[in-house]
Amino acid sequence: MSIPERPKSRLSAAARQADIVQILLALTAQHSPADITTMDIAKAIGLTQGAVFRHFPTKEAIWLAVLGWVQQSLLGNIANAAQSTPDPLKALRAVFRAHVQFIEAYPGVPRIIFNELQKPGDSPLKQRVRIILQSHKKTVMDLLQQAKQQGQVAAGLRPDCASTLFLGAIQGLVMQSMASGSLADMGKLAEGVLEAFLTGVESRESK
C-alpha cells in the first residue's frame, strides 16, 4: 500500500482525520507500528506535529481511529461476504477470500493487530482488537452452525473450535507471508489452505 498523494485544498476536520488514518495505514505497510512516531505521520501528510494533535488529542487516539476504520471496513466486507449466498459453506469461502483480499490491500493491518496483542496488560487499543476478532469469529461460527444444521459439515463438528481453526489459518498465512517479506503470493496460498480447511470439516455424506 503506497502513501496516498496529499490533497492541496484545505480539508474539513473529519476529512483530515480520515486522511491521517489512511496515512498511518500506509506507513504500517512499510514499518513496524511501534516505530512510527507522530512526527513520521506529520511528515508523510505534510503537516506540523502540532497540527496532527489538533485533530487527535493523543497518539492513542490516532491508533483508535485506525482500529475503528479497520473494524468498520474489515467487518463490513466480511458481513457482505457472509450474506452473499444462502449456502453457508459458499459463504465461508467468500468470507475467507474477503479477509485475505483485505489484508492484501492493507498489509499494515496485521502488523497493527499483532503489535497490540503482544503488549502486556490491557488497553483501549487491545480491547478494540478483541472486539474485531470476536465479531469475525462469531460470523464464522454462525455460518458453521448453519452448515451443521443443513448437514454440510460433520455432525460432531464444534463450530467454536472450527471457527478458531478458520481464523488461525488466515493468521498463519499472514505470518508465513510476513516471514517471507511479501504478501504477493498470499492469495495463491490462501486457496489451498481454504480447500484443506473445508475438506476437514465437510460431511462425507454431503459429498
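The first residue in the sequence is number 1, and the count goes up from there. The figures here come from the full heavy-atom set of this structure, side chains too, leaving out hydrogens, waters and symmetry mates.
Residues E116 and R130 are not paired through a salt bridge, judged by the lack of any N-O separation under 4.0 Å between the basic side chain and the carboxylate.
To the nearest 0.5 Å, atoms CD1 (I20) and CD (Q22) are separated by 11.5 Å. The CD atom of Q17 lies 11.0 Å from the CG atom of D19; values are rounded to the nearest 0.5 Å. With rounding to the nearest 0.5 angstrom, the CG atom of L194 is 8.5 Å from the CG atom of L92. Taking OG1 from T28 and CD1 from I112, the interatomic distance works out to 4.0 Å, rounded to the nearest 0.5 Å. In this structure, the separation between CZ on R93 and CD on E191 is 7.5 Å, given to the nearest 0.5 Å. To the nearest 0.5 Å, the span separating NZ on K90 from OG1 on T85 amounts to 6.0 Å.
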Can I get a per-line list of side-chain donor-acceptor pairs under 3.5 Å for residues 41-51, giving both atom names and the distance, sequence neighbours left out?
| from | atom 1 | to | atom 2 | distance (Å) |
| --- | --- | --- | --- | --- |
| T48 | OG1 | A51 | N | 3.0 |
| Q49 | NE2 | T38 | OG1 | 2.5 |

Side chains of residues 59-69: which donor-acceptor partners sit under 3.5 Å, not counting sequence neighbours?
| from | atom 1 | to | atom 2 | distance (Å) |
| --- | --- | --- | --- | --- |
| K59 | NZ | I36 | O | 2.7 |
| W69 | NE1 | S73 | OG | 3.4 |

Can you give me every donor-acceptor pair (side chain of residues 131-138, partner residue at least two apart or in another chain, under 3.5 Å) with its distance?
| from | atom 1 | to | atom 2 | distance (Å) |
| --- | --- | --- | --- | --- |
| S135 | OG | I131 | O | 2.8 |
| H136 | NE2 | H99 | ND1 | 2.8 |
| K137 | NZ | T164 | OG1 | 2.9 |
| K138 | NZ | D142 | OD2 | 2.9 |

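Pairs engaging residues 71-90 under the ring pair (Phe, Tyr, Trp, His ring centres under 6.0 Å) rule: none recorded [sequence neighbours left out]. Residues in residues 24-50 take part in no ring pair (Phe, Tyr, Trp, His ring centres under 6.0 Å) pair, two or more places apart or across chains.
Taking the side chain to side chain donor-acceptor pair (under 3.5 Å) definition, one finds that R111 meets it with nothing, sequence neighbours left out. For the side chain to side chain contact (heavy atoms under 4.5 Å, CB included) test, residues two or more places apart in sequence or in another chain that qualify with N77 are F102. Partners of F96 according to the ring-ring contact (aromatic ring centres under 6.0 Å, His included) rule, which considers only residues two or more places apart in sequence or in another chain, are F166. By the side chain to side chain contact (heavy atoms under 4.5 Å, CB included) test, I113 pairs with V109, L117, V129, sequence neighbours left out. Remark: S84 engages A94 in a side chain to side chain contact (heavy atoms under 4.5 Å, CB included) (not counting sequence neighbours). Considering only residues two or more places apart in sequence or on other chains, D87 meets the side chain to side chain donor-acceptor pair (under 3.5 Å) condition with Q152. For the side chain to side chain contact (heavy atoms under 4.5 Å, CB included) test, residues two or more places apart in sequence or in another chain that qualify with D35 are S32.
L25 and F114 fall within the same hydrophobic cluster, defined by Ile, Leu, Val, Met, Phe, Trp and Tyr side-chain heavy atoms under 4.5 Å apart, directly or through other members. Residue L165 is grouped with residue I103 when hydrophobic side chains (ILVMFWY) are merged at heavy-atom distances under 4.5 angstrom, including chains of intermediate members. At a threshold of 4.5 Å between side-chain heavy atoms, the hydrophobic network of Ile, Leu, Val, Met, Phe, Trp and Tyr places M39 and V52 in two separate groups. Taken together through direct or relayed side-chain contacts under 4.5 Å among Ile, Leu, Val, Met, Phe, Trp and Tyr, L198 and I170 form part of one hydrophobic cluster. Both V201 and V193 sit in one connected hydrophobic cluster of ILVMFWY residues. Membership requires side-chain heavy atoms under 4.5 Å apart, directly or through other members.
Q145 and P159 make their closest contact through OE1-CG, 3.3 Å (heavy atoms, listed as atom of the first residue, atom of the second, distance). Shortest non-hydrogen contact noted between A190 and V100 is CB-CG2, 3.9 Å. Nearest heavy-atom pair across Q150 and P88 is OE1-CD, 3.5 Å. Here the closest heavy-atom approach between residue K119 and residue N115 is recorded as CG-O, 3.3 Å. Across A91 and A82, no two heavy atoms sit closer than the pair CB-O, 3.5 Å.
Checking side-chain atoms of K148 against main-chain N and O of L157 turns up a donor-acceptor pair under 3.5 Å.
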